[in-house]
Amino acid sequence: MTQAQATPRMPIESGCPDGFQYMHPVMRRNFGQWKYHEHPRPGVLRHVAYSGEEIWTVKAGTQRILDVFTIRKLCEIGDKYADGYVRFTIRSNIEFMVADKNKVEPLINALEEAGFVVGGTANSVTMISHTQGWLHCDIPGTDASGVVKAMMDELIDEFRNCRMPNRVHITTSCCQINCGGQGDIAINVQHTKPPRINHDQVANVCERPAVVARCPVAAIRPALVDGKPSLEVDEKKCICCGACYPPCPPMQINDPEHTKLAIWVGGNHSNARGRPTFHKLVAAGIPNNPPRWPEATAIVKRILRAYQQDARDWERINDWIERIGWPRFFELTGLPFTKYHIDNWRGARNSLNASTHIRF
Amino acid sequence: MTQAQATPRMPIESGCPDGFQYMHPVMRRNFGQWKYHEHPRPGVLRHVAYSGEEIWTVKAGTQRILDVFTIRKLCEIGDKYADGYVRFTIRSNIEFMVADKNKVEPLINALEEAGFVVGGTANSVTMISHTQGWLHCDIPGTDASGVVKAMMDELIDEFRNCRMPNRVHITTSCCQINCGGQGDIAINVQHTKPPRINHDQVANVCERPAVVARCPVAAIRPALVDGKPSLEVDEKKCICCGACYPPCPPMQINDPEHTKLAIWVGGNHSNARGRPTFHKLVAAGIPNNPPRWPEATAIVKRILRAYQQDARDWERINDWIERIGWPRFFELTGLPFTKYHIDNWRGARNSLNASTHIRF
Amino acid sequence: MAKKIHETPMLDELEKGPWPSFISGIKRLRDQHPDERIRGVANDLLGQLEHSYETRKGYWKGGTVSVYGYGSGVIPRFSEVGDAFPESREFHTLRVQPPAGNFYTTDMLRQLADSWEKWGSGLITFHGQTGNIMFIGASTDATQHFFDEINEYGWDLGGAGPCVRTGMSCVGAARCEMSCCNEQRIHRTLLNRFTDDVHRPSLPYKFKFKISGCPNDCVNSIERSDFAIIGIWRDNMKIDQDAVKEFIEKKGRQYVIDNVITRCPTNCMTLTDDDRIIVKDEDCVRCMHCLNVMPKALHPGDDKGVSVLIGGKRTLKIGDLMGTVIVPFMKLETEEDYQKLVELAENAIDFWAENGLEHERIGEMIERIGLVNFLEGIGVEPDPNMVLHPRQTSYVRTDGWDEEAEKWFRRKLEEKKQAAAG
Amino acid sequence: MAKKIHETPMLDELEKGPWPSFISGIKRLRDQHPDERIRGVANDLLGQLEHSYETRKGYWKGGTVSVYGYGSGVIPRFSEVGDAFPESREFHTLRVQPPAGNFYTTDMLRQLADSWEKWGSGLITFHGQTGNIMFIGASTDATQHFFDEINEYGWDLGGAGPCVRTGMSCVGAARCEMSCCNEQRIHRTLLNRFTDDVHRPSLPYKFKFKISGCPNDCVNSIERSDFAIIGIWRDNMKIDQDAVKEFIEKKGRQYVIDNVITRCPTNCMTLTDDDRIIVKDEDCVRCMHCLNVMPKALHPGDDKGVSVLIGGKRTLKIGDLMGTVIVPFMKLETEEDYQKLVELAENAIDFWAENGLEHERIGEMIERIGLVNFLEGIGVEPDPNMVLHPRQTSYVRTDGWDEEAEKWFRRKLEEKKQAAAG
Ligand code: SRM
Ligand code: SRM
Ligand code: SRM
Ligand code: SRM
Ligand code: SF4
Ligand code: SF4
Ligand code: SF4
Ligand code: SF4
Ligand code: SF4
Ligand code: SF4
Ligand code: SF4
Ligand code: SF4
């Protein structure tokens, strides 16, 4: 198989593998028969089955982009201190599942000694889910991994402890497409200037009808530039969303200066208490400042502090703001409210205050 | 002044008159200095001022379209049993204001004897606010006054008593323009067929560009019919809103058969508890059945009964439904849920259930 | 009566039942009125109405009728079946502005009835849904006469067509303990500033003012007016703890918990073990519910003023709109305060008159151009109370962020200074 | 190492601080890996990344790379600054479907690492935001080799491009007491039915399945997937009153009132004086909050199944959409039940494949054509649970009202009969 073959090998279309083969036997035995769980300490869960059996989960944060050394290190710890069964959460935290309570403490110690961080459960700030950035994507305005590493350095105590009113789910994305999704707090790229067009390349690289169709505000028109077919952008219409860049890289939206970060809050996708909510813009114009993006982290910390001090138990960030109102959110966080906070996209009217429910 | 003058008389543009000149002296003296009110019985309010003075209000329902005999009768009662000060509410109920508690009982008796109905305060079903209908308007699909008279005949006990969980504000309108506005319950005309065009008249009566612009779904096109300029309607697009009829009467939307009534619930324009809400369609296809429209009244009574039995004190109809959910509203009232209940107008998405908050 | 009385079998059905019957009223005019003209009008009116009931269609059409000097205030109606019902062939309505607050003495009612009997049909509605006294049923000739007569003793027409319409205000401070403003003064100050725009239609479309003394909004101003002024207070609500105790004694603790404490939309009320009510006023959104349930114990604060919401209307042609908060709070005490309110209305109407399309209400224009453009057009700064929440979509160009942020901080500083000074 | 190690002063800053550093990981590969190829790739990768940090721009571009027989599953990346950083010039990512539930043994992780070391950069992410194992950094040649190797021992590629994408399911029944369904079976049944559509992109755009065992929705399925399946129950929740008492003893009554009773969105819970919790289940919307706070005392009911919501996605090009309830409840017990779910997915995908515009997600299509048309297209009857509330606008043509009403009554009757029979 190491040699290229004459007739190429046909793939085995096995699709999604069965997880049962990799599942801890206690979990297999008690599948669908779990009674309750407890949270003995940050980073540790104890699930008890109706059968009386129990499974302990120890959760640790990593750097998401794992090198094989790190993977082997994690496996080694798993073999030595746990039962050799792991899983990864949707936030790229690793979970070790062990049947024996006595293995929990040594496992934690081994993980921490090896530089991993135990925590991220329950009402902590768990790992920031994020995206590819300059390391791999073709359209990024920043480096999500870098932003997250720098931020987690400062939030690590909130990962290790459960001192927040409720779970905090943060996400970071490296362009406005926002593969990282919404979050209690989301740190996303926000472009501020229309794309500059590299007219020389358009004719070769760009499917022009496709890109014209892609623009949500119809700001792109075909045009002849220096006699060659190219495009032009109506800068008054353009909302700098960057949607034209992926199908047409000559429409350069990324800019060392004008590509900024923005911070959004209140996305909550669980159905707990209220219905799922979208996140809302609270801060923009934040410098895209590698290697450590201190301005973004500072704002995130300010929001977290206000939330921690003011919210009630079990209030997610959106629940908290709904109770105290947006005027007070801006007051408590010291963030400015500007005309950019007022929606003007389709359906904007639904976001206007059509009532005298007013906060003083 | 009874003769036409040679040079016409110029109007005195006095605008809105000062109400103070017609105000009960107790109210004038205590203007802005009221402390609280009580509700001693249906139809009667007692307002107490900080000064210790009080004013009693007795409220009575009438037929809204008052003949001069009725007006004089009301004035007579006002003079004989009250202090000669009255006002009309936004729902065309008449209020008599008296300073002396002892005048209240005789006043009530006199009103009832003269055929007026005392009540309509607090958690009663107050008078149905309504519109002009066949008696005066140029575009009506029904006769609001008639619908309301027939309905109030059956709701009179709920006007006279305060047995509802909270105030009930009903409205009735005679075309889809809906001058009667929204309500806890609204009985409105709902056309079901596109306008038939009387092509002979179009050229004379109709400002064609204006009517084309009026259609919310751009279903009207200029057309030549029998060589004369006229209009045509794309019947697949037309939503039978009737908006084209006022500027262009040849677009006959009203139809003895296909003009139906519809019932909407949950409009609440106060800011009490929740924010103001729009009313929602619950029943349509109700026959426009003069002289007494029994089908519409039956549905209104069914809704009122369910509300009365199931809602908690102080819940308006919208509050109640919000708590119990729409599935149960349809269950309790026995009304059918159909595809027409699902919005498809702009911003419809905001009305879809994007959550697992589901009622079983 | 000489003429034939029309049969009205269907309408007769509406004389049955206990609620006062408008049909009986019209019949009284037909049968008992001393003036033959009125008897005749009533007879033909009933005839045409019966015809409508039978055929399920209306038979009025519009036209052009007005009084000298005005372009609006009369709703002209000509019968399409006038040959069959000639005496009510012309049946116009005069829309007359009521006094702010809808107050009348019986004397004045009689005087109005007398004038109307002289010129019109004898049918009056107090009031139409916009708030006008509707004198229903005058011939074209009589219209001017009737107007001249009542205009002499203090009454003026309201609006119709693309103009400022008759306003509406709740009973408010005249009787109601919830009132946070002088509704009547606001009503008359605004309406009478725009008298010219009431009488001479030249705006893109209609424009309505409505005034409620408190957020209960008894005149539906948020939904039914282009410019809603609603009384509100800014400081803490006033709690009479003795009255609270009294209320609890009468109604029981459970009643208060179930009907007041747990019904507060922001959960900002607490009932203490010793039966006091504590309100976290910074969370209170002035919804009025608790004050409504306990009007003796709970009252608006002292720092009263109004909120202004712009853009409400009913359904044509983009769907119903409610007004949006444009001014979260303004005082209305001094002459200058009132002047500021008038200026706001002027700015809004001017901007709309310039930028609104034909037949486009101000709310529809705001929907079309976006709230921010409207705010900039009328010179009002953005405020978080204008929105339910900040934007959810990233489709926005934020290149002026720093300057806008700067403006906000400057404003806040200014406010602080003023608060310290005041 | 023979070659020059690129200076990375900016990246070095990301080695500071206590959180594990991805830069340190890449440096380990550069400095410590036995394979020179890997050392070289890591060095140039760091070089290019440092260049990005300095210039604040990315330098990758796409292209076309795939494995034999498939049209998707690889994200090709070619460097735009490949001359300066030649060894990471080709740096493709293979997206590999994880096992449902994301379970691994350490043995299997090692085996995957071994294969990747042989062919790729040595960098793996568990998992990408869609849920794939991302093997980041293979040359064009190596791509096929690596795939062939892991495909032999049970791994297959996920989706990329306009196709069904890799699915995601929460840990669910494997460990979680909230789970109301077999997430893994749902996940594999659906995904493996559409294997062809995963590997051969031919749909209007991407299509994602996500499965959560309960409404806590730990995989964000409502917002981040086109087809969300969420476990739920239909009967009464189960209350262990002894555990309730125990909880109250530990935490206090006030805690339960403040954190459970008053936080229920529909106010359907009561705490009795003798410390029992009573739930009015017909008002409960299964929000999970009370179960989350008291997982020992409160549990989902026994009549379990799933809700299906269709149409969630992120922001391009009309703004974010969440999924809409299309099936409020369906059982998933028998083979036939699962077959019904598969059919629903097939109908949805087929209808969308025929009616969706290019690059239009299913949610955008629903937005464009209206929910009712979509329902009719896939043969699902309307249900009040699909909407927050009935329509607010009268802009609708209701001429088929009677027939539709009839349908509803027939369906309700049918349901009653079935309930009586079952
Ligand atoms: C007289 C009137 C104002 C006027 O200037 O004419 C009025 C007067 C009062 N209203 Fe009102 N409301 C009047 C129409 C309204 C309307 C508008 C309407 O009817 O179309 C509304 C808002 C409409 C809506 O909600 O959709 C309205 C929403 C309220 C509320 C809020 C109710 C709620 O819980 O949602 C209160 C508070 C309350 O009920 O205690 C209120 C309370 C009151 C009080 C108790 C205020 C007071 O202390 O005096 C008055 C008692 C009147 C009564 O008859 O019970 N009034 N009230 C109107 C009587 C209409 C009628 O004849 O029935
Ligand atoms: C008389 C009245 C109904 C009643 O019996 O009470 C009425 C009657 C008419 N309305 Fe109205 N509207 C009346 C209050 C309203 C209201 C309620 C309000 O003002 O609070 C509304 C909803 C609020 C709003 O302004 O949106 C209302 C929304 C309309 C509309 C829709 C406007 C829109 O933008 O959606 C029209 C149609 C139009 O203007 O093109 C309309 C048009 C009409 C016309 C002029 C129909 C026409 O185009 O010929 C009706 C004349 C009837 C007649 O023969 O007298 N009427 N109309 C009300 C005015 C009486 C008065 O002056 O006091
Ligand atoms: C790798 C990943 C981010 C990560 O680091 O985790 C990612 C990376 C890309 N996404 Fe994504 N998306 C990833 C999860 C998501 C998600 C989250 C999810 O699936 O739950 C979303 C939001 C949910 C959704 O589907 O809307 C997402 C919404 C997008 C969109 C916007 C789609 C839309 O309709 O709004 C695009 C743009 C497009 O498809 O045109 C996009 C496009 C891309 C492309 C292919 C950019 C491009 O057009 O070249 C990125 C390739 C990066 C690379 O070099 O590897 N990616 N993308 C995630 C996939 C890993 C995996 O397969 O496991
Ligand atoms: C492991 C994981 C599922 C998986 O298959 O990977 C998971 C596992 C659990 N979640 Fe979750 N959730 C996981 C991601 C999520 C997400 C998605 C996300 O993080 O992006 C959500 C919804 C996102 C959102 O809300 O925007 C989520 C919303 C919840 C909630 C609802 C919280 C709320 O009040 O809004 C609960 C209930 C609770 O907190 O008790 C919950 C509860 C739980 C419980 C307690 C369920 C149980 O009984 O086992 C688990 C505890 C884990 C812990 O670490 O505290 N889980 N949970 C995910 C861990 C991610 C991580 O590493 O931090
Ligand atoms: S968020 Fe944008 S830049 Fe980042 S991985 Fe996704 S598509 Fe690429
Ligand atoms: S950035 Fe967005 S709005 Fe601007 S031209 Fe490109 S696609 Fe259009
Ligand atoms: S609702 Fe329609 S028909 Fe009735 S008065 Fe208003 S405009 Fe005329
Ligand atoms: S009824 Fe309404 S939708 Fe139909 S043609 Fe007339 S204006 Fe257009
Ligand atoms: S709006 Fe307020 S102030 Fe005016 S009458 Fe109603 S309750 Fe009183
Ligand atoms: S007015 Fe409304 S928001 Fe304020 S305390 Fe009372 S109930 Fe709560
Ligand atoms: S979604 Fe529900 S079942 Fe799945 S892990 Fe989260 S809490 Fe457990
Ligand atoms: S699950 Fe949610 S809605 Fe149901 S009782 Fe518990 S808190 Fe209330």
Side-chain angles (χ1 to χ4, degrees), chain B residues 1 8-17 19 22-23 27 31-32 34-37 47 62-71 75 78-79 84 86-88 90 115 134 138 140 145-146 149 152-153 156 178-179 181 216 243 254 256 269-273 276 278 290-292 313-314 345, chain C residues 10 13-14 17-20 22 25 28-29 52-53 56-58 60-62 68-69 97 99-106 109-110 113 117 122-126 129 148 151 154 156 173-175 177 184 188 191-192 195 215-217 220 222-224 265 287-289 295-296 314 316-317 320:
Chain B
M1 243 184 317
R9 172 185 173 279
M10 289 307 292
I12 306 166
E13 304 207 24
S14 48
C16 171
Y22 307 121
M23 205 188 284
M27 292 164 83
F31 191 85
W34 296 95
K35 190 170 174 200
Y36 68 93
H37 80 279
H47 284 86
T62 71
Q63 60 269 52
R64 187 175 109 129
I65 300 169
L66 305 177
D67 53 284
V68 286
F69 293 107
T70 302
I71 293 172
C75 290
D79 288 346
V86 303
R87 64 184 295 278
F88 292 92
I90 185 185
W134 289 327
D138 55 343
S145 315
K149 154 67 182 158
M152 285 310 292
D153 278 343
I156 193 166
N178 189 209
C179 299
N254 287 310
H269 302 140
S270 85
N271 294 274
R273 299 167 302 282
F278 289 120
R292 293 199 62 97
D313 283 2
W314 295 99
W345 187 243
Chain C
M10 291 189 91
E13 291 297 313
L14 285 177
W19 191 264
F22 68 108
R28 268 192 294 276
L29 293 176
S52 280
Y53 271 56
R56 303 191 193 184
K57 294 192 70 171
W60 298 110
K61 60 172 191 270
Y68 184 77
Q97 292 195 53
N102 295 347
F103 297 97
Y104 301 90
T105 54
T106 45
L109 283 185
R110 276 202 202 85
E117 208 168 38
L123 292 171
I124 316 181
T125 289
F126 295 93
Q129 294 298 322
D148 286 342
N151 187 229
D156 197 2
R175 192 184 67 193
E177 71 274 14
Q184 301 186 45
R188 296 188 67 236
L191 259 291
N192 293 347
T195 310
N216 279 330
D217 197 2
N220 300 309
I222 295 181
E223 199 255 337
R224 293 195 210 166
C287 86
M288 300 302 296
H289 173 75
K296 221 167 155 175
R314 196 63 174 92
L316 296 180
K317 89 173 214 187
D320 289 67

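All figures in this text were calculated on a predicted structure; none of them were measured in a lab. When reading the values below, keep in mind they use all heavy atoms of this one structure, side chains included, and skip hydrogens, waters and symmetry mates. Residue numbers begin at 1 in each chain, while the letters A, B, ... track the order of the sequences.
- With contacts defined as side-chain heavy-atom distances shorter than 4.5 Å, the pair B:Tyr36/B:His47 does not qualify.
- Using a 4.5 Å cut-off between heavy atoms, C:Asn151 contacts chain B through both its backbone and its side chain.
- Ranked by non-hydrogen atom pairs under 4.5 Å with chain B, the options C:Asp217, C:Thr105, C:Ile222 are led by C:Thr105.
- Using a 4.5 Å cut-off between heavy atoms, C:Arg175 contacts chain B through both its backbone and its side chain.
- When heavy atoms are compared at a cutoff of 4.5 Å, C:Glu13 approaches chain B by way of both its backbone and its side chain.
- When each of B:Asp313, B:Ile12, B:Ile90, B:Asn254 is checked for heavy-atom pairs under 4.5 Å with chain C, B:Ile12 comes out on top.
- Heavy atoms of B:Trp314 lying under 4.5 Å from chain C belong to its backbone as well as its side chain.
- Minimum heavy-atom separation, B:Trp134 to C:Trp60: O-NE1, 3.0 Å.
- Both the backbone and the side chain of C:Leu123 come within contact range of chain B, judged by heavy atoms closer than 4.5 Å.
- Looking at C:Leu14, the atoms closer than 4.5 Å to chain B (heavy atoms on both sides) sit in the backbone and in the side chain alike.
- Only the side chain of B:Ile71 comes within contact range of chain C, with at least one heavy atom under 4.5 Å from a heavy atom of that chain.
- Using a cut-off of 4.0 Å between Lys/Arg side-chain N and Asp/Glu carboxylate O, C:Arg110 and B:Asp79 are scored as salt-bridged.
- With hydrogens and angles ignored, the 3.5 Å screen pairs a side-chain donor or acceptor of B:Asp153 with a backbone N or O of C:Trp19.
- With respect to chain B, the highest number of heavy-atom pairs below 4.5 Å among C:Gln97, C:His289, C:Arg314, C:Lys317 belongs to C:Arg314.
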**Request:** Take C:Glu223 and B:Phe278 through the test side-chain contact (heavy atoms from CB on, under 4.5 Å) and record every step on the way to the result.
**Result:** CA-CA 9 Å; C:Glu223 199 255 337; B:Phe278 289 120; 4.2 Å; yes
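- Most heavy-atom pairs under 4.5 Å with chain C: of the set B:Pro291, B:Ser14, B:Ser270, B:Cys16, this distinction falls to B:Cys16.
- The closest donor-acceptor contact from the side chain of B:Trp34 to the backbone of C:Ala173 lies under 3.5 Å.
- With a 4.5 angstrom heavy-atom cutoff, C:Lys61 touches chain B only via backbone atoms.
- Only the backbone of B:Thr62 comes within contact range of chain C, with heavy atoms under 4.5 Å apart.
- Annotation: maximal heavy-atom pairing with chain B below 4.5 Å, among C:Leu191, C:Leu316, C:Leu109, C:Asn192, occurs at C:Asn192.
- Salt-bridge check for B:Arg9 with C:Asp148: passed, with a basic side-chain N closer than 4.0 Å to an acidic carboxylate O.
- With chain B as partner, the option from C:Ala174, C:Gly62, C:Gly154, C:Gly58 having the largest number of non-hydrogen pairs under 4.5 angstrom is C:Ala174.
- Taking chain C as the reference chain and counting heavy-atom pairs below 4.5 Å, the highest number among B:Ala272, B:Pro17, B:Pro11, B:Gly181 is found for B:Pro17.
- Formation of a donor-acceptor pair under 3.5 Å by the C:Ser52 side chain with backbone atoms of C:Lys57 is found in this model.
- In this structure, chain B has heavy atoms under 4.5 Å from both the backbone and the side chain of C:Gln129.
- Across B:Lys149, B:Met10, B:Arg292, the residue that shares the most heavy-atom pairs under 4.5 angstrom with chain C is B:Lys149.
- For the set C:Gly69, C:Cys287, C:Gly17, the count of heavy-atom pairs under 4.5 angstrom toward chain B peaks at C:Cys287.
- The aromatic ring centres of C:Phe126 and B:Phe88 sit less than 6.0 Å apart.
- A donor and an acceptor atom, one from each side chain of C:Arg28 and B:Thr70, are located under 3.5 Å apart.
- Contact tally against chain C (heavy-atom pairs below 4.5 Å) for B:Gly32, B:Pro256, B:Pro216, B:Cys179: the top residue is B:Pro256.
- Chosen from C:Pro265, C:Ala113, C:Gly122, the residue pairing most often with chain B at heavy-atom distances under 4.5 Å is C:Gly122.
- Between atom NE2 of residue B:His269 and atom CG of residue C:Asn216 there is a gap of 14.0 Å, rounded to the nearest 0.5 Å.
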